Amino acid sequence: MGKVRGGRVKFDPDRIVMSGGATGAHEMVAFCLADPGEAFLVPTPYYPGFDRDLRWRTGVELVPVVCESSNNFKITRAALEAAYEKAKEANLRVKGLLITNPSNPLGTILDRDTLKGIVKFINEKNIHLIGDEIYAATVFMEPEFVSISEIIEEVECNRDLIHIVYSLSKDMGFPGFRVGIVYSYNDAVVSCARKMSSFGLVSSQTQHLIATMLSDDDFVDSFIVESKEQLFKRHEYFTLSLSEVGIGSLKSNAGLFIWMDLRKLLKEKTLDAEMDLWRVIINEVKLNVSPGSSFHCDEPGWFRVCFANMDDNTMEVALLRITTFMHKHNEAMVPRKLCRRASLKLSLSRRRDDFMSQNMMSPHSPIPQSPLVRART
C-alpha cells in the first residue's frame with residue numbers, strides 16, 4: 001500500500017483487516033459503521049456493485065451525490081450539501097461518505113484540493129469517510145495519485161472517521177484471488193472488522209502465495225511500472241481511435257475504463273433514449289459496453305468502455321465494429337480516409353506499432369487464447 005503511493009505515507013500493519021476481495025471489504029466496513037436504514041452518500045457516477053455490496057445484507061441506504069459533466073464530474077461542496085439535505089428530508093441518518101479514487105467508471109483521480117474539501121465536509125458533519133482506492137496503482141500519467149491517507153497528514157481531522165478499502169485485484173491483476181483490505185484509523189472499527197472477517201476469510205494458501213510475491217520488491221516494482229506503461233499505451237491508442245470516428249470521451253489518466261460520450265447519437269436527451277442506443281450497441285454492433293444510467297449518471301449518453309481486458313486482435317475487431325456503426329448512423333462523423341474502402345475494414349497495424357508492441361497484452365487480460373475474449377468475426 002505504501003509502495004503504490006510512492007512511499008509518501010506509511011501504514012500500520014496492525015490496522016489491516018483482510019477480507020474476501022473489495023466486495024467483502026465494503027460490506028464489512030458498512031456493517032461496522034451503520035445500522036439498517038442509515039445511509040452513505042456516494043458521488044455519481046459510481047460502480048453499480050455498491051448497490052449490492054453495501055446494501056443487500058446490511059440494510060444500508062445509498063444517497064447519490066449528483067456530479068455533472070459541466071465540470072468533468074468533480075465532487076463539489078454544493079453537491080455534497082445537496083445530497084446531505086436530501087437524505088435528511090427523507091429521514092435518513094447519514095453515517096458516511098464513500099468515494100472511489102481513482103474513479104470507476106470515470107478513470108479520473110481526485111485532486112488534493114477536492115480531497116481536502118471532502119475531509120473538511122465529513123469533519124463538520126461528523127460522518128465517516130470510506131476511501132475506495134483499489135485502482136491506486138493504475139494511474140498511468142500525470143497528475144499523480146493522492147491518497148486520503150496523505151491528506152489527513154496535511155489537515156486537521158478526526159482520524160476515527162477515516163477508512164480505506166484496498167485490494168490486489170486491479171493493481172496486481174489478481175481479481176480471482178479475492179484479497180481485499182479494510183484499513184481503518186479507528187480502533188473500534190478495526191476490532192469489529194476483525195471479528196466479522198471470519199465470514200470472508202482469505203485462505204492460508206492464498207496468503208502465503210501473496211506474501212511471497214509481495215516480498216519480491218524487484219518484481220513488484222517492475223510489475224507496477226510495466227502495468228502503467230501498458231495501460232498508457234492502450235488508453236492512448238483506444239481514445240485516438242475513437243476520436244478519429246468522432247467519438248469523444250472524458251479526459252482521464254487512471255483505471256481500466258473510458259467514459260465514452262455518445263450524447264450526439266441520442267434521439268432525445270432521455271434515459272429511455274440511452275437504453276435504446278445501448279440495445280443497438282449490444283444487439284447489432286455486438287459490443288459489451290455499460291450505459292451511464294447503470295452508474296446512476298443523470299446525464300444520458302455516457303457509456304463505460306473497458307479497454308484493458310482484451311487482446312490486440314479483439315480490440316481491432318471492436319474498433320472496426322465501432323467505425324462501421326458510426327459510418328452507418330452518422331457518416332459525417334467518420335473521417336473521409338476511413339470511408340475510402342467500401343468494406344470499411346480498418347488498417348490499424350501502423351498505429352498499433354506506434355503505441356504497443358506486437359505481442360503486448362494488458363496485465364488484466366485472461367490467457368491470450370481465451371475463447372471468452374477472442375472475437376472471430
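Since the structure is predicted, the reported quantities are computational estimates derived from the model, not experimental observations.
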Quick one: does [X]'s side chain have a donor or acceptor within less than 3.5 Å of a partner on [Y]'s backbone?
| X | Y | answer |
| --- | --- | --- |
| S249 | M260 | no |
| E274 | G301 | yes |
| Q207 | V202 | yes |
| S103 | L106 | yes |
| N253 | M141 | yes |
| E81 | A78 | no |
| T138 | A254 | no |

Among F303, F307, Y135, exactly one meets ring pair (Phe, Tyr, Trp, His ring centres under 6.0 Å) together with F257. Which residue is that?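 Only match with F257 under ring pair (Phe, Tyr, Trp, His ring centres under 6.0 Å): Y135.
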
Tell me whether L129 shares a hydrophobic cluster with V65, the cluster being built from Ile, Leu, Val, Met, Phe, Trp, Tyr side chains joined at under 4.5 Å. yes

Are M315 and F232 connected, step by step, through hydrophobic side chains (Ile, Leu, Val, Met, Phe, Trp, Tyr) whose heavy atoms are closer than 4.5 Å?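 Same cluster.
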
For the residue pair [X] and [Y], does the interplanar ring angle fall in the parallel (under 30°), tilted (30 to 60°) or perpendicular (over 60°) class?
| X | Y | answer |
| --- | --- | --- |
| W259 | F73 | perpendicular |
| H163 | H128 | tilted |
| Y46 | H296 | parallel |

For E153 and R159: C-alpha separation, side-chain torsions, deciding distance, then whether salt bridge (charged side-chain N to carboxylate O under 4.0 Å, His left out) applies. CA-CA 10 Å; E153 299 285 346; R159 294 197 175 192; 3.5 Å; yes

Could you tell me which residues satisfy side chain to side chain donor-acceptor pair (under 3.5 Å) with E133, sequence neighbours excluded, listed by chain and number? R5, S147

List in chain and number order the residues that pass side chain to side chain donor-acceptor pair (under 3.5 Å) with E156, two or more places apart in sequence or in another chain; answer none if no residue qualifies. none

Any cation-pi pair here, K95 with F40, using under 6.0 Å and within 45°? no

Please check if any side-chain donor atom of [X] sits under 3.5 Å from a side-chain acceptor atom of [Y], or the reverse.
| X | Y | value |
| --- | --- | --- |
| S191 | K195 | yes |
| Y47 | D132 | no |
| S19 | H26 | no |

Near-ring test F31/F199, centroid separation under 6.0 angstrom: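 Not under 6.0 Å, so no.
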
With V190, which residues qualify under side-chain contact (heavy atoms from CB on, under 4.5 Å), at least two apart?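 Testing V190 for side-chain contact (heavy atoms from CB on, under 4.5 Å), a comparison that skips the adjacent residues, returns R15, V17, S184, R194.
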
Are any of the side-chain nitrogens in D113 or K74 under 4.0 Å away from the carboxylate oxygens of its partner?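 Salt bridge: no.
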
Can you name the one residue among N313, N309, T314 that meets side-chain hydrogen bond (donor to acceptor under 3.5 Å, both in side chains) with D311?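 Among the candidates, only T314 passes.
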
Worked verdict on E154 versus R112 for salt bridge (charged side-chain N to carboxylate O under 4.0 Å, His left out): CA-CA 10 Å; E154 302 173 5; R112 194 174 297 273; 2.5 Å; yes

